[in-house]
Chemist: 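Have a look at this one before I ask anything.
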Amino acid sequence: MAITLPTVENCGFCEYIAGTRECAFIRRGPLISSIVNRTQYERGGLLIIPNRHLPTILELSQDILAAIGVESQILSRALVQGFGATGVNIFPNNGIDANQHFPHYHMHVVPRYSGSDPTRIYLHTQFEPISMPEQRVLAKEIIDAVA
């Protein structure tokens, strides 16, 4: 048995890392990067991705997994302190049967606010992507909240 991965022509996350596709970076490190999620389930939603193409959690080294964990904590604090989030969902999807749409591991960090529906499961197809200028504004706000 193996995890069944979605099939895409080009990996958008690899293109972000290579600089051939536009995104709003929050932070870039030697192992991982964080970016604004163009699909804003809640204001301030972001993604943490390995800088190398690694499809699921099964391929992550302990160093990359640890870096993702630390980054999710740093950015969660920023969302609580800088955005007023009263909760945070942190989750990956691994495989088609777990709702993974892109075959590059990514951790969602979604701030939740008073009045958010804690039982709602988000699907990227339910939301329109926000514009690059809006992504850049959010990235700057999150960067400022990390400082």
Side-chain angles (χ1 to χ4, degrees), residues 5-57 59-61 63-96 98-147:
L5 294 171
T7 304
V8 297
E9 206 167 304
N10 298 311
C11 178
F13 293 129
C14 288
E15 291 174 346
Y16 293 151
I17 296 299
T20 58
R21 183 183 231 178
E22 197 172 30
C23 74
F25 282 99
I26 299 165
R27 293 163 43 105
R28 294 189 81 166
L31 299 176
I32 61 165
S33 295
S34 53
I35 62 174
V36 171
N37 189 344
R38 62 189 207 116
T39 308
Q40 287 290 294
Y41 309 134
E42 296 272 11
R43 187 174 184 282
L46 55 98
L47 301 170
I48 303 169
I49 58 176
N51 292 339
R52 291 185 318 139
H53 185 84
L54 299 166
T56 72
I57 194 168
E59 289 82 25
L60 300 184
S61 68
D63 290 344
I64 292 173
L65 192 57
I68 290 169
V70 170
E71 185 77 350
S72 67
Q73 182 185 49
I74 289 167
L75 295 174
S76 293
R77 278 195 182 115
L79 294 169
V80 169
Q81 295 170 354
F83 281 53
T86 56
V88 181
N89 288 116
I90 300 170
F91 61 94
N93 299 319
N94 292 276
I96 291 173
N99 201 32
Q100 184 178 8
H101 297 279
F102 307 100
H104 188 128
Y105 180 88
H106 53 287
M107 177 76 75
H108 293 261
V109 180
V110 181
R112 303 307 295 267
Y113 302 97
S114 179
S116 293
D117 179 355
T119 64
R120 185 165 186 202
I121 297 174
Y122 298 103
L123 301 174
H124 79 283
T125 56
Q126 296 172 332
F127 297 86
E128 288 295 320
I130 63 171
S131 69
M132 185 52 59
E134 291 173 290
Q135 291 177 50
R136 287 194 180 109
V137 167
L138 276 175
K140 181 172 180 349
E141 290 177 10
I142 296 168
I143 291 164
D144 290 347
V146 170

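All residue numbers refer to positions in the sequence shown, counting from 1. Reckoned from all heavy atoms, side chains included, excluding hydrogens, waters and symmetry mates.
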Chemist: Tell me the side-chain hydrogen bond (donor to acceptor under 3.5 Å, both in side chains) pairs involving residues 137-147, sequence neighbours left out?
Modeler: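 Listed by first then second residue: R43-E141, K140-D144.
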Chemist: If you look only at pairs with a residue in residues 63-73, which of them pass as a salt bridge (Lys or Arg N to Asp or Glu O under 4.0 Å), with sequence neighbours excluded?
Modeler: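 Output for this query lists R27-E71.
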Chemist: Which heavy atom in N94 sits nearest to a heavy atom in I57, and how many Å separate them?
Modeler: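 Heavy-atom minimum between the residues: OD1-N, 2.8 Å.
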Chemist: Any side-chain hydrogen bond (donor to acceptor under 3.5 Å, both in side chains) pairs touching residues 6-15, not counting sequence neighbours?
Modeler: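 Output for this query is empty, none listed.
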Chemist: Output all residues satisfying side chain to side chain donor-acceptor pair (under 3.5 Å) with S72, sequence neighbours left out; order by chain, then residue number.
Modeler: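 Partners of S72 under the side chain to side chain donor-acceptor pair (under 3.5 Å) test: none.
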Chemist: Would you tabulate the side-chain donor-acceptor contacts of residues 103-111 under 3.5 Å, counting partners in other chains and residues two or more places apart, or write 'none'?
Modeler:
residue : atom : partner : partner atom : Å
H104    : ND1  : H53     : ND1          : 3.3
H104    : NE2  : P50     : O            : 3.0
H104    : NE2  : R52     : O            : 3.3
H106    : ND1  : H104    : O            : 2.8

Chemist: Quick one: CG on L47 to CG on N37, what's the gap to the nearest 0.5 Å?
Modeler: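 Separation between the atoms: 4.0 Å.
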Chemist: How close do S116 and E42 get, counting heavy atoms only, and between which atoms?
Modeler: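 Minimum heavy-atom separation between S116 and E42: OG-OE2, 2.8 Å.
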Chemist: Using modelled atom types only, decide if a donor and an acceptor are shared between the side chain of Q100 and the backbone of L5 within a distance under 3.5 Å.
Modeler: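 A pair under 3.5 Å: no.
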Chemist: Can you give me the closest heavy-atom contact between S76 and I90, atom names plus distance?
Modeler: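 Closest pair (atom of S76, atom of I90, distance): OG-CD1, 3.5 Å.
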Chemist: Return the set of residues passing side-chain contact (heavy atoms from CB on, under 4.5 Å) with Q73 (not counting sequence neighbours), or none when no residue passes.
Modeler: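 Per chain and number, Q73 pairs via side-chain contact (heavy atoms from CB on, under 4.5 Å) with R77.
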Chemist: I'd like to check the side chain to side chain donor-acceptor pair (under 3.5 Å) partners of Q81; sequence neighbours left out, ordered by chain and number.
Modeler: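 With neighbours one apart ignored, the set is empty.
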Chemist: Where is the tightest heavy-atom contact between Q40 and L138, given as atom of each residue plus distance?
Modeler: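 Here Q40 and L138 meet closest at OE1-CD1, 3.4 Å.
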Chemist: If you compare all heavy atoms of L46 against all heavy atoms of I142, which two are closest, and at what distance to 0.1 Å?
Modeler: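 Scanning both residues completely, I find the closest heavy atoms to be CD2-CD1, 4.0 Å.
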Chemist: I'd like to check the side-chain contact (heavy atoms from CB on, under 4.5 Å) partners of S33; sequence neighbours left out, ordered by chain and number.
Modeler: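 Once residues adjacent in sequence are excluded, the partners of S33 under the side-chain contact (heavy atoms from CB on, under 4.5 Å) criterion are I17, F25, R28, I49, N51.
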Chemist: Kindly give the heavy-atom pair with the smallest separation between I96 and P6, and that separation in Å.
Modeler: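 Shortest heavy-atom separation between I96 and P6 comes out as CG1-N, 3.5 Å.
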Chemist: My understanding is that only residues two or more places apart in sequence, or in another chain, count here; which of them pass side-chain contact (heavy atoms from CB on, under 4.5 Å) with R136?
Modeler: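 Per chain and number, R136 pairs via side-chain contact (heavy atoms from CB on, under 4.5 Å) with E22, A24, M132.
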Chemist: Run the side-chain contact (heavy atoms from CB on, under 4.5 Å) test against S131 and tell me which residues pass, sequence neighbours left out.
Modeler: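 Checked S131 against side-chain contact (heavy atoms from CB on, under 4.5 Å); matches are P133, E134.
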Chemist: Does the side chain of N89 reach to within under 4.5 Å of the side chain of Y41, using non-hydrogen atoms?
Modeler: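 A side-chain contact is absent here, since even the closest heavy-atom pair is not under 4.5 Å.
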